Amino acid sequence: MNKRKPGTAPRTTRRGRPARNTQPAGPEPKAGSGAFALAAECTVADASSLKSGLAKLLADTDPVTVDISCVQRIDTAGLQLIAAFMLARESQGRQVQWKGAAPAIVTAARLLGLSTLLKLPAAAETAP
Amino acid sequence: MTIDLTQFHDAFFEESFEALDSMEAALLKLDIGAPDSELINTIFRVAHSIKGGSATFGFSDIASFTHSLETLLDELRSGGMQVTLAISDLLLKSVDVMRAMLRSVQAKQPLDAQRISDLQFDLELIIAQKNAAAAPTYTVMPAAIAHLASSAPAPGAAAPGATAPGATAHRRWEISFRPYRELFARGNDPLRMMRELAELGELDVKADLSAVPGFAELDPQACYLAWTLGLTGDVSEEAIKQVFEWAEGDCDLVVRLLNAPDETPVTVAAVEPALAAEVIADAILSASAPPEEAKADPTVHAAAAAPVLAVVKQDAKADAPLSAIGDSGSIRVSVEKIDELMNTVGELVITQAMLSQLGAAMEGPNAEKLRAGLAQLERNTRELQESVMRVRMLPISFVFSRFPRMVRDLAQRLNKQIDLKLTGEQTELDKTVLEKIGDPLVHLVRNSIDHGIESPEVRVAAGKSPVGTVHLDACHRGGNIAVEVSDDGGGLDKERILAKARARGLVGPNDALTDEQIHDLIFVPGFSTADKTTDLSGRGVGMDVVRRNVKELGGKIELRSESGRGSRFIITLPLTLAIVDGQSVAVGSETYIIPLISIVESMRLKEASISRLSGRNEVFSFRGDYLPIIRLHELFGVEPRARALHEGLVVIAEGDGRRVGLFVDDLLGQQQVVIKSLEVNYGHVEGVSGATILGDGSVALILDVTGIIHAASLRVAA
């Protein structure tokens with residue numbers, strides 16, 4: 001369904017993040033090493049690649065870690081995708097951990113009424 | 001990523017341009033001094049939408065400019081500022097600038113920064129000036145309102161004399177916002193709306209995730225979320241609706257006030273307009289049995305009442321346009337898709353004609369049934385074709401809408417008073433025709449204003465109203481559409497035209513011309529009677545171009561003029577360029593189609609009426625005229641069945657103001673044919689305007705009479 005090849009999402013690596021956490025959407029994340037870093041832009045234009053990135057973590061039986069520290073811009077489409085991901089994980093009784101702080105994502109989640117679902121770490125919000 | 005966003009941009013640009021058109025139209029309708037608040041609301045909404053949209057897409061220059069504009073409009077809307085001619089001009093200029101900005105951004109070209117910043121400066125200056133100047137009245141006004149309100153036992157006006165603008169009226173709104181799936185694709189982001197709402201008041205958001213599908217099934221571009229919002233604060237319903245305006249038509253939106261307005265203690269000064277209007281209306285009503293205080297200070301009373309009455313009006317109408325926009329029930333389809341559809345239907349018509357021909361010759365037990373089926377097919381095909389044609393039709397208001405602005409600007413420059421009347425704006429015609437008729441109409445309207453309508457002094461001296469009228473009208477007439485431009489100006493000066501024509505040697509010194517012949521002179525290239533050339537008209541280019549353009553569309557232009565009473569230009573156009581009513585004629589083994597509009601009549605020639613001039617030129621007498629004969633078989637190099645002129649037929653056809661006899665073997669029949677472009681499929685051929693496919697599958701060329709006359713005269717000359 002998704003034509004994008006695996007590994008086309010690592011915009012974050014361009015931003016010089018250390019490889020450990022920015023090993024995003026790695027072709028096959030092994031069980032237990034489920035980690036994914038969100039790109040700086042998580043908007044409707046990037047939603048397809050974001051979805052394929054998150055999809056790989058979905059089946060991971062161990063808690064997965066999503067690094068949100070790079071996120072600078074996120075819109076409803078991006079947040080909806082993350083919310084759907086959370087719902088899917090919760091329905092399987094599996095956990096998601098957030099890594100890093102991202103004011104943009106926290107503000108957006110609050111404004112869209114998704115804070116409770118996402119259980120985001122408290123962080124200083126950006127001025128709206 | 002870029003592709004996705006560009007897709008949203010297109011919708012944004014398209015909607016913005018349309019919105020600007022409606023803003024311009026509203027501005028032109030705006031009466032100086034006594035503006036209709038509904039119009040101001042329309043204008044404000046456009047500015048607001050474009051500001052929101054451009055901010056979403058990061059077009060910061062546009063957003064910044066529209067912000068300044070919005071501030072000014074807000075002042076006008078609230079009645080803090082009056083609409084003057086200068087402001088109305090400024091707003092019209094802003095429309096131009098916004099349009100230019102959007103075009104530049106769309107074409108990815110640099111913006112005209114100087115022009116934008118100049119105008120933005122003007123906008124901000126006018127706001128600043130008014131703020132400075134209006135300060136005293138501004139403080140007086142609310143006080144006066146409060147004073148008035150307190151003088152009557154109005155239930156809402158509990159705090160007499162309170163003017164503190166910071167005082168709040170807490171209203172609790174419940175907003176149910178359920179976007180449709182395609183909301184994102186239209187460039188809307190609920191997050192942005194929430195942000196705007198959060199700025200208005202205290203926002204409480206509940207997301208509804210029930211429609212969100214499983215992760216695998218989720219389309220990342222579709223919106224599944226819905227929200228129930230609570231908003232508390234001094235917020236008007238209009239302000240809320242404005243936040244969602246850009247999403248209108250892409251969501252279900254219900255805005256509900258939870259607490260009744262008079263439940264909370266409010267101070268009149270801070271109440272938003274709708275509420276204030278109610279309160280004040282009550283106050284004024286009960287004040288009609290004049291209380292002592294109001295009588296004592298009549299000036300305050302008047303000052304307070306005037307703006308308030310305007311507010312009442314605004315409130316009554318505020319919601320009407322919003323709902324009207326949402327219910328338009330139309331979709332956007334690209335022109336290519338329709339052309340494709342049109343083309344396919346054209347092929348279908350041809351196939352159907354072929355089948356009908358085959359079926360007619362069929363025999364056997366089922367032949368009758370087959371023919372009945374074919375007749376049904378023919379009917380359905382024709383209906384389908386007509387429906388598709390109608391899809392391409394647009395109301396002529398698309399062209400007419402540019403005139404109010406143009407007339408206004410020209411009248412101002414020429415110091416004339418002109419009233420523009422538009423009628424028949426809903427008359428529909430083919431988009432292609434519509435696009436090409438714009439320029440000729442602009443020429444005609446300009447001419448009417450510059451040459452036709454006299455200056456107010458001259459008009460008064462002639463016993464006419466100082467305000468001249470230019471009237472644009474469109475209507476269907478048979479299979480054609482007639483567009484008329486008329487004015488009640490001075491009419492054509494026949495003497496002057498004739499004198500000028502004589503001076504230029506167009507007319508012999510002693511030739512007597514009929515009125516029509518004189519009128520025809522103004523269509524001669526380079527002819528002008530204007531004593532001085534202005535930048536509007538008078539250079540003698542124009543009317544000939546108008547006539548050429550109209551002819552290219554297969555139409556004609558007539559002129560009627562009465563000295564001192566005005567002139568009328570009547571343009572007759574075919575409804576569409578895709579289909580032509582044609583007469584098929586046979587020449588040898590070939591079939592040609594002659595457009596019916598060019599045919600005067602057809603006749604068999606008598607030997608006696610034919611004369612031969614020197615060389616190979618043949619003419620025949622037709623109602624006292626001698627018309628040249630063009631033998632189509634010679635022109636197209638076809639072996640004819642009839643060589644002697646009396647054996648075949650002559651079709652008298654008109655093109656470019658000249659008549660000729662086209663010599664053919666036989667007439668076959670009249671039919672509507674679908675025009676296929678020869679240029680697209682092959683190349684331009686002189687004397688042929690296109691081709692069509694006949695019922696038997698053979699190709700017939702459609703003749704262009706003007707081109708044939710041209711080609712034939714070249715042959716004679718050679």
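Computed from heavy atoms alone, side chains included, the values below leave out hydrogens, waters and symmetry copies. Convention: sequence-line order gives letters A, B, ...; per-chain numbering from 1. Predicted model only: the values in this text are computed from it and were never measured.
- Interface remark: A/L58 contributes side-chain atoms only to the contact with chain B (heavy atom separation under 4.5 Å).
- Contacts from residues 85-92 of chain A to chain B, taken as heavy-atom pairs separated by less than 4.5 Å, involve A/F85, A/L87, A/A88 in sequence order.
- A donor-acceptor pair under 3.5 Å links the side-chain atoms of A/K51 to the main chain of B/F215, judged by distance alone.
- B/D189 places a side-chain N or O within donor-acceptor distance of the main-chain N or O of A/T76, the cut-off being under 3.5 Å.
- In terms of heavy-atom pairs under 4.5 Å with chain A, the best-connected choice from B/T228, B/N188, B/L209 is B/L209.
- Shown here are the side chain to side chain contact (heavy atoms under 4.5 Å, CB included) partners of B/E14, two or more places apart in sequence or in another chain: B/R332.
- When all heavy atoms are compared, the tightest approach of B/P220 to A/A47 is CB-CB, 3.5 Å.
- The closest donor-acceptor contact from the side chain of A/Q80 to the backbone of B/A222 lies under 3.5 Å.
- For the side chain to side chain contact (heavy atoms under 4.5 Å, CB included) criterion with B/L225, the lone passing option out of A/L79, A/L112, A/L114 is A/L114.
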Pair B/V205-A/L111, side-chain contact (heavy atoms from CB on, under 4.5 Å): steps then yes or no: CA-CA 7 Å; B/V205 187; A/L111 283 170; 5.5 Å; no
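- Counting non-hydrogen atoms of other residues, nucleotides and ligands closer than 6.0 Å to CD of A/Q95 gives a total of 12 or fewer.
- In B/E174, the CD atom is crowded: over 12 heavy atoms of neighbouring residues, nucleotides or ligands sit closer than 6.0 Å.
- Atoms CE and OG1, on B/M194 and A/T107 in that order, are 14.5 Å from each other to the nearest 0.5 Å.
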